[in-house]
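Remarks on the structure that follows.
Each chain gets a letter, A, B and so on, in the order its sequence line appears, and its residues count up from 1. When reading the values below, keep in mind they use all heavy atoms of this one structure, side chains included, and skip hydrogens, waters and symmetry mates.
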Amino acid sequence: MSAPFARISELPAHAGATVTVRGWVTHLRSSGKVAFVVMRDGTGLLQAVLVKNALSPEAWTRFGELTQEACVAVTGQVKVDARAPGGHELGVSDLAIIGPSPLDYPIQPKEHGVDYLLDHRTFWLRTPRQVAIARIRHEVEQGIHDFFYEREFVRVDTPILTAAIGERSGLFSTEYFEEGNAYLAQTGQLYGEAAAAALGKIYTFGPTFRAEKSKTRRHLTEFWMIEPEVAFNDSAANMVLQEEFVSYLVQRCVERRQAELKELERDISKLEKVVPPFPRLDYTDAVALVRSKGSDAKWGDDLGAEDEALIVADYDKPVFVFNYPKAAKAFYMKENPDDPRTVLCDDLLAPEGSGEIIGGSQREDDHDKLLHRIREEQLPEDAYGWYLALRKYGTFPHAGFGLGLERTVAWICGTPHIRECIAFPRMMHRLRP
RNA sequence: UCCCGAGUAGCUCAGGUGGUAGAGCAGGUGACUGUUAAUCACCGGGUCGGGGGUUCGAGUCCCUCCUCGGGAGCCA
């Protein structure tokens, strides 16, 4: 076998030539003396055609030994043929098995339950839909880096092992030498604030961990979060950054990932509408809106999932809800000078039931007010010493937000559950594979 | 933690009022020179999630436990 190697996506450029394609068998069909091998190499699908009379008896015998997911090298002439998926196929002259696959491959070309598929996630990843999601996630990640690089943000990597600091929800803990317990980070934000005073504009990009016993399609125990922090931004500027950021990511996928969105049967016209400005709804107005629609939400409560759905239903873009009551939000958010019952913050709710993809705020930069809030929430004061000290030595107005990567990818892909949007999801009942 | 729902062949599921289990796909054998999750014929395949109870008899009714899914809460 001396033909040059080619990847499936490159085949149109090799029309008429003889090449060798390496990949994995996805379907086998035979009509006695003509057989079809559909294979995948990560760049696309290819139908290889085997005609018994045109092959050596040895090669024809090897076809008989092929199984689903066997890894093969197929040599043949590239032909244009409208009957083949992709418009071209390979007229096979030789066939070699690189890695055989037993008959009990767990994923069949048919419907499976999600739980079963997750048990076999390593193989589920090989299917077209999962490949499309992985490529879109990659596009979003690269888009995040490009967006911030172009705006001269500096990426700062914050610790995953931390002392008790962060938010109130559940913590994963582990032993840490003689220091007692360490906790897996729930956010890099507090460190990001410190870095913003050094670098001006920063963002973090990393995994975060929540030991919440959440069992919903919007929750993972390990997820990836992007947290920009900008010195001298106020809450209004923070929201402008958010809408520019989210719009950029969506439009980038629309422009560069047409094939993947098509594979996912995503309605691209809905994504095309995601351009600034996004609607902005004051919390108080949001409560009035959902009450007019029958909700029994009361001023002072955080908005529930049903309330969020009622709000989003009126728009075809993500919607900001801003300035929530202080008691419903985290201690580090800055008190609203125009209404001290509230804080300068926002949630960004994605359309089509995807829920909250961003939570952001201007940070409390007054040392005494922050200390008061830490005591009010009965947080371990000594653990926040370095964080409070940022307000002592050259305190500065600043704001930032956290974008949930899997929720964003799920929304762009139109997947109902975010567990498909990360290669190996970690959930309450799933630690393997 | 709470509220729903599910657990039957390798996979996806069906099994009115209780009577010792079925289909499709997958697998095996064979046929077929253009298939698109090919088609056709034949074949093998089950501790009905575990335990207990009612009954002559339980996949089916009752109790209990386990596992999983969805939702709530919390959040991204």
Side-chain angles (χ1 to χ4, degrees), chain A residues 26-38 45-55 60 67-68 79 81-86 89 91 102-120 123 127-128 166-171 186-189 204 206-227 242 246 301-309 324 328-330 346-350 353-360 401-411 416-419 421-422 427-430:
Chain A
T26 65
H27 297 286
L28 290 166
R29 288 184 287 271
S30 168
S31 298
K33 292 171 185 161
V34 180
F36 303 88
V37 178
V38 180
L45 283 179
L46 170 67
Q47 174 165 280
V49 184
L50 294 85
V51 179
K52 186 175 181 181
N53 296 339
L55 277 177
W60 184 255
T67 54
Q68 190 190 355
K79 297 173 183 169
D81 193 312
R83 291 169 294 187
E89 63 182 22
L103 288 166
D104 56 355
Y105 184 72
I107 296 188
Q108 302 166 12
K110 57 161 293 195
E111 295 287 327
H112 289 290
V114 171
D115 199 45
Y116 178 84
L117 289 168
L118 281 173
D119 284 341
H120 302 283
F123 298 129
T127 61
E167 300 183 16
R168 288 164 291 186
S169 48
L171 289 160
Q186 295 184 320
T187 170
Q189 177 204 316
T204 71
T208 52
F209 306 88
R210 303 274 167 91
E212 285 291 322
K213 293 184 176 178
S214 300
K215 288 164 59 176
T216 85
R217 61 197 165 83
R218 298 184 304 281
H219 287 87
L220 299 168
T221 54
E222 176 182 306
F223 64 97
W224 287 65
M225 186 154 67
I226 291 83
E227 297 179 285
Q242 288 166 48
V246 168
D301 296 344
D302 203 356
L303 296 170
E306 284 179 30
D307 294 325
E308 290 181 358
Y324 282 71
K329 288 293 176 180
D346 67 270
D347 284 352
L348 183 64
L349 310 177
S354 295
E356 183 182 343
I357 57 171
I358 282 180
F401 61 91
L403 173 101
L405 180 62
E406 289 79 13
R407 286 186 182 178
T408 304
V409 173
W411 166 46
H417 201 303
I418 66 169
R419 63 192 156 195
C421 295
I422 184 167
M427 296 177 293
M428 187 176 157
H429 291 296
R430 190 164 291 282

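Between A:Met427 and A:Leu118 the shortest side-chain heavy-atom distance falls below 4.5 Å. Contact annotation: the side chain of A:Gln68 never approaches that of A:Ile107 to less than 4.5 Å [non-hydrogen atoms, C-beta and beyond]. Between A:Glu212 and A:Gln186 the shortest side-chain heavy-atom distance does not fall below 4.5 Å. Residues A:Phe401 and A:Asp346 fail the side-chain proximity criterion, which asks for heavy atoms closer than 4.5 Å. Residues A:Trp224 and A:Ile422 form a side-chain contact, since some pair of their non-hydrogen atoms from C-beta on lies under 4.5 Å apart. At a threshold of 4.5 Å between non-hydrogen side-chain atoms, the residues A:Leu405 and A:Phe223 do not count as touching.
Comparing B:C66 with B:C74, their C1' atoms are spaced 27 Å from each other, to the whole Å. B:A58 and B:U39 have their P atoms separated by 41 Å, with the value rounded to a whole Å. Taking atom C1' on both B:G59 and B:A9, the two are 14 Å apart, rounded to the nearest angstrom.
Atom pair A:Arg419:CZ and B:G71:C1' shows a separation of 13 Å (rounding to whole Å applied). One can place CZ of A:Phe209 at 18 Å from C1' of B:C74, the figure rounded to the nearest angstrom. Distance CD (A:Glu406) to P (B:A76): 13 Å, rounded to an integer number of Å. Rounded to whole angstrom, the span from the CE atom of A:Met428 across to the P atom of B:A72 amounts to 15 Å.
Nearest to the side-chain atoms of A:Asp81 among the listed nucleotides B:G73, B:G34, B:C75 stands B:G34. Listed candidates were B:G70, B:A76, B:U35. Nearest to the side chain of A:Arg217 is B:G70. For A:Ile418, the side-chain atoms get nearest to B:A76 when compared with the rest of B:A76, B:G70, B:G34. The side chain of A:Phe223 lies closest to B:A76, out of B:C68, B:A76, B:C74. Side-chain atoms of A:His429 lie closest to B:C68 of the nucleotides B:C75, B:C68, B:G73.
At a cut-off of 3.5 angstrom, counting only N and O atoms as typed in the model, there is no donor on one side facing an acceptor on the other between the side-chain of A:Ser214 and the base of B:C75. Between the side chain of A:Glu89 and the base of B:G34 there is at least one donor-acceptor pair of N/O atoms closer than 3.5 Å.
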Review item, nucleotides 7-11 of chain B N/O atoms under 3.5 Å of protein N/O:
| residue | atom | partner | partner atom | Å |
| --- | --- | --- | --- | --- |
| B:G10 | N2 | A:Gln108 | OE1 | 3.3 |
| B:G10 | N2 | A:Gln108 | NE2 | 2.9 |
| B:C11 | O2' | A:His112 | ND1 | 2.6 |
| B:C11 | O2 | A:Lys110 | NZ | 2.5 |

What N/O pairs connect the protein and nucleotides 28-33 of chain B at under 3.5 Å? Give each pair on its own line.
| residue | atom | partner | partner atom | Å |
| --- | --- | --- | --- | --- |
| B:U33 | O4 | A:Asn53 | ND2 | 2.5 |

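Between A:His219 atom NE2 and A:Ile418 atom CD1 the span is 7.5 Å, to the nearest 0.5 Å. A distance of 6.5 Å separates CD of A:Gln242 from CG of A:Leu348, quoted to the nearest 0.5 Å.
Distances shown here put every side-chain N or O of A:Arg210 at or beyond 4.0 Å from the OP1 or OP2 atom of B:C74. Proximity of A:Lys215 to the phosphate of B:G70: no side-chain N or O atom is located under 4.0 Å from OP1 or OP2.
For A:Asp347, the salt bridge (Lys or Arg N to Asp or Glu O under 4.0 Å) test picks out A:Lys329, with sequence neighbours left out.
When each of A:Val114 and A:Thr216 is assigned the nucleotide of RNA chain B with its nearest heavy atom, A:Val114 is the one assigned upstream, toward the 5' end.
Heavy atoms of A:Lys52 sit nowhere under 4.0 angstrom from any nucleic acid atom. Heavy atoms of A:Glu306 sit nowhere under 4.0 angstrom from any nucleic acid atom.
In this structure, A:Arg430 pairs ionically with A:Asp115, as a charged nitrogen and a carboxylate oxygen lie closer than 4.0 Å.
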